[in-house]
Each structure stands twice: as C-alpha cells, then as structure tokens.
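A note on names: the letters A, B, ... follow the listed sequences, proteins ahead of strands, and every chain is numbered from 1. FYI, side chains are in, hydrogens and waters are out, and symmetry mates aren't considered; it's all heavy atoms of this structure.
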Amino acid sequence: MTSLPTAATESGLPNTYDAGEVEPRLYARWKEAGYFRPQASSSGRSFSVVLPPPNVTGRLHMGHALTATIEDCLVRWHRMRGDDVVWLPGADHAGIATQIMVERELEREGSSRRELGRGPFLKRVWEWKETHSGLIDRQHERLGASLDWERYRFTMDEASSAAVREAFCRLHEDGLIYRAYRLINWDHKSQTALSDLEVEHRETAGKLWHIAYPVAGTEEQLVVATTRPETMLGDTGVAVHPDDPRYQHLIGKRVVLPLVGREIPIVADSILVDMEFGSGAVKVTPAHDFNDFETGKRHDLEVVQVVGWDGNICSPAPAPYRGMSIQQARSAVLAALEDTGALVRVEDHKLSVGVSQRSGAVVEPLPSTQWYVKTAPLAARALDAVRSGETTIIPESRKAEYYRWMENIHDWCVSRQLWWGHRIPAWHCAACQEITVAREDPANCEHCGSDRICQDEDVLDTWFSSGLWPLTTLGWPAQSKDLDRFYPTSLMETGWDILFFWVARMMMLGLHLRGEVPFRTVFLHSMVLGPDGQKMSKTKGNVVDPVELIDEYGADALRFYLCTMAGQDAGIVFSRARVEGYRNFCTKLWNLARFTSMHLGGYDADGFAARLATPAGLAELGPSDRWILSRAVETSVEVGELWTNWRLDLAAHCAYQFVWRELCDGYVELAKQDLRADAGRRARSVTQGVLATVLDMVLRMLHPMIPFITEEIWQWLPKPSDAAESLMLASYPSVTSWREQDDAGEGTHAITMAGPFEAVGEFLAARETREARDDVKRLNELVSAVRMLCAESRVPAGKRVAVCMRAPNAELRASVERIRTRAVFVGRFASYKLLEEGVAADRSSASAVIGGGIEVFVPLAGLIDVAEERARLDRERAKKEKELVAVSRKLENEKFLARAPLEVVEKEKTRRVELEASLAKLRSMRERLQT
RNA sequence: GGGCGCGUAACUCAGUGGUAGAGUGCUACCUUCACACGGUAGAAGUCGCAGGUUCAAGUCCUGCCGCGCCCACCA
C-alpha cells in the first residue's frame with residue numbers, strides 16, 4: 001500500500017488541523033494520482049455529470065460553490081460505490097459579459113472596439129481571456145471539486161466551435177433556423193439584439209399621458225393614452241375598438257399627428273384595444289412596440305423607425321428631436337404638446353420597463369432582421385421527455401414552471417451583433433442576395449456560384465453553445481467513446497434561475513441532435529442570499545465570498561454548510577454562524593481522531609478484521625461495542641438513502657449527530673475505561689478495534705461531504721492491509737447484499753456491507769446487540785439524571801456521589817446490573833446500589849424517575865437544597881400531570897378508541913400506565929421532603 | 001394580471017396527521033489526562049392570523065396578512 005503524504009507523525013496526529021496546509025496538498029495528490037478520471041466500474045453503473053460552465057473570466061461565488069459542492073458530494077459518493085464516474089469541467093466564453101469587460105477597458109484607454117476593428121478587437125479579447133481565465137478553475141479546486149480536468153472544454157475551443165457549427169447547419173437543414181424581419185429587443189449600450197429571456201422587467205412608476213389628435217377635416221379630436229409619448233413621432237395609425245360606440249364614426253378617417261403633421265389612419269382593432277382602458281383609443285407605433293408591430297401587420301400600416309441604433313431619436317422624426325435621448329425627447333414632446341394644448345390629461349401609471357440583463361441599458365424594441373430558432377417542434381419533444389419521465393426535474397414545483405415555459409415558448413432570436421462569439425456560418429451573396437449556410441467556409445455562393453460572398457457579421461447567442469454543452473463535453477459530433485459511455489448524463493445540477501436559459505435549451509438541442517435527453521435528472525437549487533436575506537450585490541455590500549470562507553474556516557466547513565442548504569426551496573439566507581458550527585464539527589472530528597491515535601498502540605487491524613468476521617470474535621464485543629457498531633452501520637445506510645432522495649441536508653445532519661452525540665459523547669467516554677493502561681489486554685484490543693472500525697466507517701460516510709479532513713485522518717488510520725490507497729477509492733459502507741432467510745423462519749437478514757465491517761447481518765439481528773442498545777440508552781438516561789440532580793442541588797463539580805436505584809421488575813434490574821461498571825465509570829459515581837424491594841431510599845436524597853419507571857436516588861445529606869428539590873419535583877410533577885390529562889382525555893374519548901389505529905391507542909395506553917407510575921413515584925419522593 | 005415558494009426558539013434551518021427538534025446565541029457551573037472551535041445542566045415556541053376537515057393539525061383544505069421569486073406585449 002502506498003500512502004499519501006501526511007503531516008501526521010508516527011506518534012499521532014498534530015494537535016490542530018490546518019486546513020490551509022492539508023487541503024492543497026491532498027488535492028494535488030488526488031489530481032496527480034488520476035483519481036478524478038473515470039475508473040472501470042465495479043458496480044456496472046455509470047454516473048456522469050457536467051459542471052455548469054462558469055464564465056471563463058469569472059470568479060467563484062456562492063452559487064458556484066453550492067453547485068460544485070452538491071455535485072462533488074454525489075460524484076464522490078458514486079465513485080465510492082464503485083460506479084464509472086466522470087464529472088466534466090469547462091468554461092463559457094460568455095459573449096456579452098466578456099465583450100463588455102474588454103470594451104470597458106478600451107473605454108478607459110480612450111478607445112473603442114469600432115476604432116480597433118473586428119480582428120484586433122478579438123485578439124484583445126483572447127488576450128483578456130488568457131490572462132483572466134483559470135482563476136475560477138483553481139477556486140473550484142480549492143473547494144475540493146473532483147473534476148476530470150483532462151476533459152476540460154472551453155466553449156470557443158476548436159472542438160466546441162465545430163459542435164456549434166454542426167448544430168447550426170443541422171438545424172438549418174432541418175428548417176429550424178430562419179431569418180426574419182420583426183421587432184427585437186435592442187440593447188443600445190452593447191449594440192446587440194437580445195432574446196426575450198435576456199430582458200429583465202422592472203416595475204417602474206410612470207405616467208399615462210392623454211394626447212388629443214385632431215381628426216383630419218373635422219373639428220373633432222381623438223384622444224389617445226400612452227405611457228411613451230416620444231414614440232408618437234413614429235405613429236402610423238390610431239386604433240379604436242370596432243364595437244366602441246364613441247368612435248364608430250371615426251373608423252376609416254384620418255388624424256393629423258401633432259408635432260409631425262403626418263396624416264395617419266384610424267383603424268378598428270379588437271385585439272389591441274381594450275375599450276375600458278385609458279381613452280379607448282391607442283396610438284400605433286409599429287416600429288417600437290411589439291403589439292403595435294402586429295397591429296401594423298394586420299392593417300398594413302407603415303413602420304416608421306424614429307429611435308436609432310444608438311438609442312436616440314433619429315430621422316424621419318422632425319429635425320428638432322433628432323439626436324435627443326429618449327428621456328430628452330419625452331420632455332421635449334410633452335412640452336410641445338402642452339404648448340399646443342394637445343396634452344389633455346396625465347395619470348399615474350405603473351409599468352414594467354425592459355432592461356438588458358447584462359448591460360443594464362433600457363431595452364428598446366426596434367425592427368430588424370435576425371436569425372431565429374424555430375422552437376415549437378423542439379419544445380414539443382422536450383416537454384414529452386419530462387412528461388414521460390425520461391428526465392426528472394427536482395424539486396417538483398420547478399417541473400410545472402418548465403411545462404408552462406415550454407408550452408408558451410417563443411422563437412429564439414439567436415443572432416447577436418457582437419464580435420466575441422461563434423460567428424454565424426452563413427454567407428451573403430452580393431450577386432443574387434441568397435444565403436449559403438455551410439460546414440466548411442465556402443468560396444462561392446451555392447445558389448448562383450458568384451464569389452462575391454461575405455460571411456454574416458453576427459455571432460450566436462452564448463446560450464446556443466451552452467445548450468450543446470453535454471454533447472460538446474463528451475466529444476459530439478464525433479463518434480466518441482465518452483458519448484456512448486456517458487450520454488445521457490446522470491445529473492444536471494444548477495440554480496433554478498437558469499432553468500429556461502440553459503436547462504431547457506440543452507433539453508431541446510440534445511433531443512434534436514442526439515435523439516436522447518441530455519440528462520436523467522435535473523436537480524435545481526435555490527439562490528444564496530446575503531446574511532440580510534437580500535440578493536447579494538456589490539452595491540448592497542452583502543456579498544459573501546466563498547474563497548474567503550475557505551481561507552477562514554476550511555473548504556470542508558463551507559461544503560458541509562452548503563450540503564445542509566441543498567434542499568432549501570426558498571432563498572438560502574447565508575449564515576456565518578452555521579459555517580462556524582461546521583468548522584467546529586471538523587475540529588471535533590479531528591480531536592476524535594487524535595484521541596483514537598493516542599490509544600491505538602499495538603493495534604492489529606488485520607487481526608481485528610479477521611476476528612469481526614467470526615462468531616467467536618463477535619462474541620467478544622461488549623454492549624457498548626455492539627451498540628456503536630450497530631448505530632454506525634445504520635447511520636451509513638441512512639445517509640446513503642438520504643443522498644439517493646436528494647436530501648443532502650438531512651444526510652449531513654444525520655452524520656453530524658451520530659459522530660458528535662453518539663460516537664464522541666457516548667462511545668468514546670465509555671471506551672476510556674478499557675483503553676486505560678491498567679485495563680485488561682483483551683478488553684483493550686477489542687475497544688481499539690471497534691474505535692478504529694467505527695472511525696473508518698464514519699470517515700467513509702462523511703467523505704463525500706467533507707473530503708479533505710476525512711482523507712487526512714484516514715491516511716493515518718491503521719487499516720487492514722487490503723485497504724484502498726485513498727479514501728476517495730474506498731468503498732462506501734452501503735448494503736451490498738440482502739437476503740431474507742425465510743426457511744429459518746426467524747426473519748433474520750444476511751446483510752453484507754462494503755467497508756471495514758462486512759458481515760453485519762447476524763450481528764444486527766443478534767439478541768445481544770438489541771439488548772446492548774437498550775442498555776446503553778438506559779445508561780445514558782441514568783447518568784444524565786444523576787448529573788441533573790447534582791447540578792440542581794449545586795453539588796460541586798467533580799464530587800463523586802452515591803447512586804441508588806429501584807427498578808420495578810427483574811428485567812430492568814438485570815439491565816441495571818449489566819451497565820453497573822460502565823455507568824459508575826462514565827458517571828463518576830462513588831457507589832452504585834440497586835435497592836431491594838421495600839427498602840426505602842435515604843431520606844435526604846434528590847430523586848428522579850427515568851425510562852421504564854426506574855427510580856434514581858442521590859443521597860445528598862447536607863448538600864441537598866430541600867426547597868430547590870421540592871420546586872424541581874413539583875415542576876416535574878406538573879409537567880407529567882399535564883401530559884397525563886392529555887393522554888387520559890384521549891383514552892376517554894370513545895371516538896378516539898373507535899377510529900384511531902390500534903397501535904396508536906396501545907401506545908397511548910402504555911404511556912398512561914408509565915405516566916401514572918412515574919407520577920406515583922414523584923409524589924412519594926415529594927412527600928419524603930415534606931417534613 | 002397569472003403562477004409558485006416561504007412564514008416553526010433571539011438568528012439560520014429540520015420536521016413523515018399521533019409526546020415540538022438541531023446548530024448558533026443565551027444562563028449557570030466546569031481550565032476532568034481528544035477537543036474551551038470543549039464538557040455538563042438549563043432557559044427559551046400562541047408553529048404568521050382566522051376558519052374548516054379529522055378521534056387527533058406545525059403537518060391536510062379555504063380565506064387573509066407578511067416576505068421572496070417566476071412568468072406576462074395590456075396602451
């Protein structure tokens with residue numbers, strides 16, 4: 001066995017765990033050893049995940065950290081289960097975002113991309129990409145992400161670009177890509193069109209202006225209501241409702257557009273116009289409003305564009321307004337209208353303004369020719385795939401959102417007037433005006449053969465290449481082994497904010513291009529909010545940097561915290577206190593390991609493993625050993641089941657509670673007795689073995705969540721000689737075979753587990769094991785009761801007290817006897833006496849009743865605070881009486897007896913008996929103190 | 001306008017119709033030989049509000065209040 005290097009010395013582990021030293025060292029070693037590469041499967045299953053590619057020049061934020069933690073946890077778990085696992089990293093060129101950053105830099109230099117020209121600008125972006133890329137990859141490494149870096153992809157590398165081109169050509173051939181002249185969302189700051197999704201709607205307080213348009217050739221006026229008066233400069237019609245009695249006589253006539261003087265028609269349109277709203281007459285500006293554009297088509301109205309590509313008013317608007325910004329033009333138009341008396345009314349009105357997600361610019365609807373993906377046929381298949389269960393979306397509530405969006409999907413505008421991205425593989429012919437779409441750059445027009453062709457200037461939406469990502473990362477369109485081996489991928493884990501942007505597009509493109517869904521399960525997590533519950537933002541100053549948290553608390557602490565948040569459906573309000581709590585847990589685990597290391601002198605791991613496999617060996621186990629081993633088995637199975645059900649939060653909690661409450665607080669305290677130098681050799685060696693074995697199991701069950709500290713400890717831990725060389729490769733302790741022995745008729749299970757303790761079936765079913773669990777529970781209750789009595793009576797800490805008990809039956813008396821030595825040791829009792837029937841306890845005892853009706857007395861002559869003790873007993877009695885009333889009321893209710901399930905009724909009856917017995921004892925204890 | 005989610009201890013969160021939980025914080029005591037990033041004991045809740053279903057509701061149903069999010073071309 002080759003061991004990983006470790007900071008632990010021969011004599012044991014260092015006093016403190018130094019995450020800053022351990023984490024990079026172990027990560028480098030794992031990476032070098034090739035553990036992140038897929039391994040031939042021993043389970044016959046494969047598990048593949050594609051990491052959502054972060055922006056190539058991005059930095060790790062909490063969302064990335066959450067994604068990577070959840071994915072790494074599941075990936076490591078599957079790897080430990082022997083699956084053929086691959087987790088694919090990569091980066092996204094992030095068209096607009098990256099281009100904006102470089103343009104900002106140019107602006108600071110007093111230059112611009114236009115000034116530079118396309119070629120030099122792109123060179124500049126590539127340089128920027130080179131200098132700023134890789135940071136987030138290294139940050140993912142710091143988090144411990146076991147990504148297969150050898151399969152790294154960038155959306156603009158050669159293979160990805162080839163995939164994009166193939167996809168575009170295929171879709172074009174299949175009639176799913178087309179060009180169209182219609183209104184688009186124009187971001188004048190970035191100088192590009194945007195898809196509907198890239199436009200965020202912000203509710204704003206606005207106004208509704210009523211403007212009078214004179215009807216041509218009459219004295220009449222037609223009043224229209226608008227939220228955007230400046231667009232009137234481009235009005236080419238006014239619409240009224242065909243059924244509106246107010247305006248019947250005006251339909252077909254014309255109005256004179258104020259400030260412009262143009263005559264435009266009055267049309268009747270029942271789709272656009274709501275008679276109840278505003279004045280019931282709507283100005284129609286086909287060039288600058290999506291509804292108006294459609295209305296214009298219905299009535300053959302002109303499209304007059306008065307807002308230019310720079311976002312300012314342009315010709316053919318009247319000269320005074322040209323060059324003005326929208327805001328300036330609005331003020332100017334309103335002032336002019338006011339002067340002429342055309343502005344008849346102003347109301348407050350709320351409206352939503354479209355804003356570019358990336359640049360923040362107010363988006364202007366403008367008419368333009370763009371490339372579109374026809375989504376209806378793609379969406380139909382993507383819907384079916386989820387409906388039929390080929391792909392499962394978790395949580396369920398997001399599935400409904402997916403359906404709703406897919407069912408109402410619009411065609412996808414995929415062309416962007418940017419330079420940074422995949423250039424559209426289409427060539428325009430100057431001779432015949434036709435377009436040639438081709439996989440290889442053509443020299444001639446495929447329609448007329450002319451060589452006067454030039455490539456389309458536009459690039460594709462970034463999400464087009466992202467939408468191919470599961471295909472691209474596995475080698476598509478080439479016939480790759482990886483594709484056969486890992487497609488469809490097993491899991492897509494990401495934030496629900498990109499369900500439509502990304503997940504939906506991958507579904508559509510994957511299904512169309514490969515004929516199969518890109519992933520079997522979509523697991524969506526929520527957004528991480530700042531500590532104040534607000535969305536994290538620089539301006540609010542509530543941004544939490546995961547890398548800083550790693551520096552401060554270690555990657556494991558952050559990961560454990562994020563695991564506990566994985567199931568949150570509402571936003572995740574960041575809590576530093578909890579990260580700190582999990583750092584404390586790591587320290588606790590470290591100290592558990594240190595404790596173990598101090599007591600393993602002479603321990604023979606191979607020998608102990610062999611003994612555990614035999615009945616004689618099992619027979620040597622004491623009650624506490626049986627208890628902790630059985631609980632360790634149970635807990636690791638439970639944790640695995642919780643992961644299967646996507647409950648990482650409960651899995652983390654379950655493992656945490658077991659390690660701290662049961663193993664550290666419970667078993668270690670018991671074990672100290674047998675580990676003392678003066679203890680018997682035999683007892684010592686069994687306890688050493690159990691401690692080492694349980695610690696081994698605990699490290700395995702925790703490793704997927706907190707990989708670093710568990711590996712560091714595991715490397716030191718003495719293990720059987722056939723153990724794996726890294727915890728990453730060790731088996732997860734899950735049930736590997738489960739056979740019911742019906743013929744024996746005893747209902748015992750032959751269960752085998754992977755891990756250090758294999759043949760657990762007989763052991764778990766044994767009477768001794770079940771008895772041991774009861775005994776340990778009793779022991780804990782007893783010790784707690786005595787401690788409580790001492791604390792309440794202010795017995796000086798460290799003072800040993802005598803303990804007397806009275807047990808109501810032979811079974812309990814036997815149990816009390818069995819736990820005698822361990823209870824005396826753990827509780828530091830001065831003596832331990834089981835009172836005979838009818839023998840009264842010392843008059844000046846503090847007393848309590850524990851489970852099963854065992855009475856516990858602590859004689860405290862001279863120490864007992866009688867008043868305090870009376871008060872405590874009264875409180876206790878009042879509590880039990882209240883419970884008894886509730887239980888009795890239930891049991892006296894005939895409907896309850898008749899309708900509640902039998903076992904519930906039985907439980908209540910038992911409880912009543914127990915409560916009555918406890919109360920009787922409490923009353924007599926109280927009476928003793930009366931005098 | 002439509003839809004979704006969340007309101008549980010001071011804070012961050014679990015909770016499967018059947019005795020309200022964890023971590024942090026708080027109080028008291030303890031420098032007990034793994035760990036003060038620790039130990040022991042304790043206090044702390046009208047489970048947002050109001051109805052309803054049920055033998056039984058934190059849990060299921062309806063309405064309301066508060067917070068957050070998504071979708072939507074209502075001038």
Side-chain angles (χ1 to χ4, degrees), chain A residues 12-13 15-17 183 196 201 208 224-228 239 272-274 277-285 289-294 349 351-352 354 365 395 397-398 400-401 404-405 408 496-497 499-500 526-527 529 531 533-535 553 557 561 564-565 567-578 580-599 647 649-650 653 656-657 661 664-665 668-669 672 676 783-784 787-792 794 796-798 828 883 886-887 890 893-901 903-905 907-908 911 915:
Chain A
L13 298 167
N15 284 346
T16 54
Y17 174 73
L183 286 201
D196 296 343
H201 296 274
L208 191 60
V224 299
T226 180
T227 54
R228 297 201 55 192
L272 181 71
V273 181
D274 171 3
F277 189 89
S279 61
V282 188
K283 62 192 257 334
V284 183
T285 323
D289 182 283
F290 288 95
N291 288 319
D292 292 4
F293 186 78
E294 294 304 316
H349 185 70
L351 76 162
S352 74
S397 57
R398 301 289 163 196
E401 248 172 54
R404 201 155 35 79
W405 190 77
N408 299 302
W496 49 248
D497 54 329
L499 175 62
F500 309 135
S526 187
M527 300 295 102
L529 307 174
Q534 302 282 105
K535 213 168 179 173
Y553 303 106
Y561 166 68
T564 67
M565 291 293 117
Q568 258 304 92
D569 206 7
I572 297 162
V573 180
F574 176 75
S575 163
R576 183 176 289 268
R578 284 189 62 155
E580 221 168 279
Y582 296 118
R583 186 272 318 269
N584 295 353
F585 174 77
C586 288
T587 307
K588 187 76 180 177
L589 184 64
W590 183 255
N591 282 304
L592 167 67
R594 278 183 59 227
F595 172 82
T596 307
S597 78
M598 290 171 183
H599 295 282
R647 292 306 305 266
D649 56 335
L650 298 184
H653 182 251
Y656 178 107
Q657 291 296 320
R661 302 274 83 98
C664 293
D665 295 351
V668 164
E669 292 310 314
K672 282 176 179 171
R676 284 184 311 192
V783 171
S784 277
R787 281 177 182 156
M788 183 266 291
L789 293 175
C790 289
E792 297 278 336
R794 315 240 180 263
R828 293 162 205 272
E883 280 179 50
V887 172
K890 271 191 191 178
N893 184 339
E894 280 175 29
K895 283 181 180 170
F896 173 73
L897 296 175
R899 300 195 193 177
E903 56 181 47
V904 172
V905 176
K907 213 168 138 190
E908 292 297 322
R911 220 178 123 216
L915 281 170

Could you state the atom-to-atom distance from [atom1] of [X] to [atom2] of [N] in whole Å?
{"X": "A:Lys907", "N": "B:A56", "atom1": "NZ", "atom2": "C1'", "answer": "13 Å"}
{"X": "A:Glu903", "N": "B:G18", "atom1": "CD", "atom2": "P", "answer": "12 Å"}
{"X": "A:Arg578", "N": "B:G23", "atom1": "CZ", "atom2": "P", "answer": "10 Å"}
{"X": "A:Leu650", "N": "B:C13", "atom1": "CG", "atom2": "C1'", "answer": "11 Å"}
{"X": "A:Asp649", "N": "B:U12", "atom1": "CG", "atom2": "C1'", "answer": "13 Å"}
{"X": "A:Phe896", "N": "B:G18", "atom1": "CZ", "atom2": "P", "answer": "12 Å"}

[N] pairs with which nucleotide, Watson-Crick or G-U wobble, both distances below 3.5 Å?
{"N": "B:C69", "result": "B:G3"}
{"N": "B:C13", "result": "B:G21"}
{"N": "B:U27", "result": "B:A41"}
{"N": "B:A50", "result": "B:U62"}

Applying salt bridge (charged side-chain N to carboxylate O under 4.0 Å, His left out), name anything that partners [X], two or more places apart in sequence or on another chain.
{"X": "A:Arg676", "answer": "A:Asp678"}
{"X": "A:Lys907", "answer": "none"}
{"X": "A:Glu401", "answer": "A:Arg398"}
{"X": "A:Lys588", "answer": "none"}

Which value, in whole Å, describes the distance between the [atom1] atoms of nucleotides [N] and [M]?
{"N": "B:U62", "M": "B:C71", "atom1": "P", "answer": "26 Å"}
{"N": "B:G23", "M": "B:A41", "atom1": "P", "answer": "12 Å"}
{"N": "B:A10", "M": "B:C65", "atom1": "P", "answer": "25 Å"}
{"N": "B:C67", "M": "B:A72", "atom1": "P", "answer": "24 Å"}
{"N": "B:A50", "M": "B:G66", "atom1": "C1'", "answer": "15 Å"}
{"N": "B:G25", "M": "B:C33", "atom1": "C1'", "answer": "30 Å"}
{"N": "B:G7", "M": "B:G15", "atom1": "C1'", "answer": "15 Å"}
{"N": "B:G18", "M": "B:A36", "atom1": "P", "answer": "41 Å"}

| query | Closest heavy-atom contact between A:Leu529 and A:Gly571? | reply |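 Nearest heavy atoms, A:Leu529 then A:Gly571: CD1-CA, 3.8 Å.
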| request: Taking all non-hydrogen atoms of both residues into account, name the closest pair between A:Val282 and A:Leu272 and its distance. | output: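 Closest approach of A:Val282 to A:Leu272, heavy atoms only: CG1-CD2, 3.9 Å.
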| query | Excluding sequence neighbours, so at least two apart, what forms side-chain contact (heavy atoms from CB on, under 4.5 Å) with A:Ser279? | reply |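 Partners of A:Ser279 by the side-chain contact (heavy atoms from CB on, under 4.5 Å) criterion, ordered by chain and then number, come out as A:His210, A:Val223, A:Ala225, A:Tyr247, A:Ala281.
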Between the protein and nucleotides 58-62 of chain B, list every N/O to N/O distance that falls short of 3.5 Å.
none

Report the residues that fulfil ring pair (Phe, Tyr, Trp, His ring centres under 6.0 Å) with [X], sequence neighbours left out, ordered by chain and then residue number.
{"X": "A:His653", "value": "none"}
{"X": "A:Trp496", "value": "none"}
{"X": "A:Phe585", "value": "A:Phe560, A:Tyr656"}
{"X": "A:Phe277", "value": "A:His349"}

Over all strands shown, is [X] touching base, sugar-phosphate only, or nothing at heavy-atom distances under 4.0 angstrom?
{"X": "A:Pro901", "answer": "base"}
{"X": "A:Leu499", "answer": "nothing"}
{"X": "A:Gln657", "answer": "sugar-phosphate"}

| Is there a donor-acceptor contact under 3.5 Å from the side chain of A:Asn408 to the main chain of A:Arg404? |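 Checked: pair present.
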| Do the side chain of A:Tyr561 and the main chain of A:Ser575 share a donor and acceptor less than 3.5 angstrom apart? |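 A pair under 3.5 Å: yes.
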| task | Name the residue closer to the 5' end of RNA chain B, choosing between A:Glu908 and A:Ser575 according to the nucleotide with the nearest heavy atom. | result |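 Upstream on the strand: A:Ser575.
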| If each of A:Lys895 and A:Tyr656 is mapped to the nucleotide of RNA chain B with the nearest heavy atom, which maps nearer the 5' terminus, i.e. the 5' end? |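 Its nucleotide being nearer the 5' end, the pick is A:Tyr656.
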| N/O (side chain, A:Arg647) to phosphate O (OP1/OP2, B:G15) under 4.0 Å |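 Checking A:Arg647 against B:G15: at least one side-chain N or O falls below 4.0 Å of OP1 or OP2.
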| task | For each nucleotide in nucleotides 32-45 of chain B, reading 5' to 3', give B when a protein heavy atom comes within less than 4.0 Å of its base, S when such contact involves only the sugar-phosphate, and - otherwise. | result | --BB-BSSSSS---
| query | In the 5'-to-3' direction, what one-character label does each nucleotide of nucleotides 67-75 of chain B receive under the scheme B = base within less than 4.0 Å of a protein heavy atom, S = sugar-phosphate only, - = no such atom? | reply | --SSS-B-B
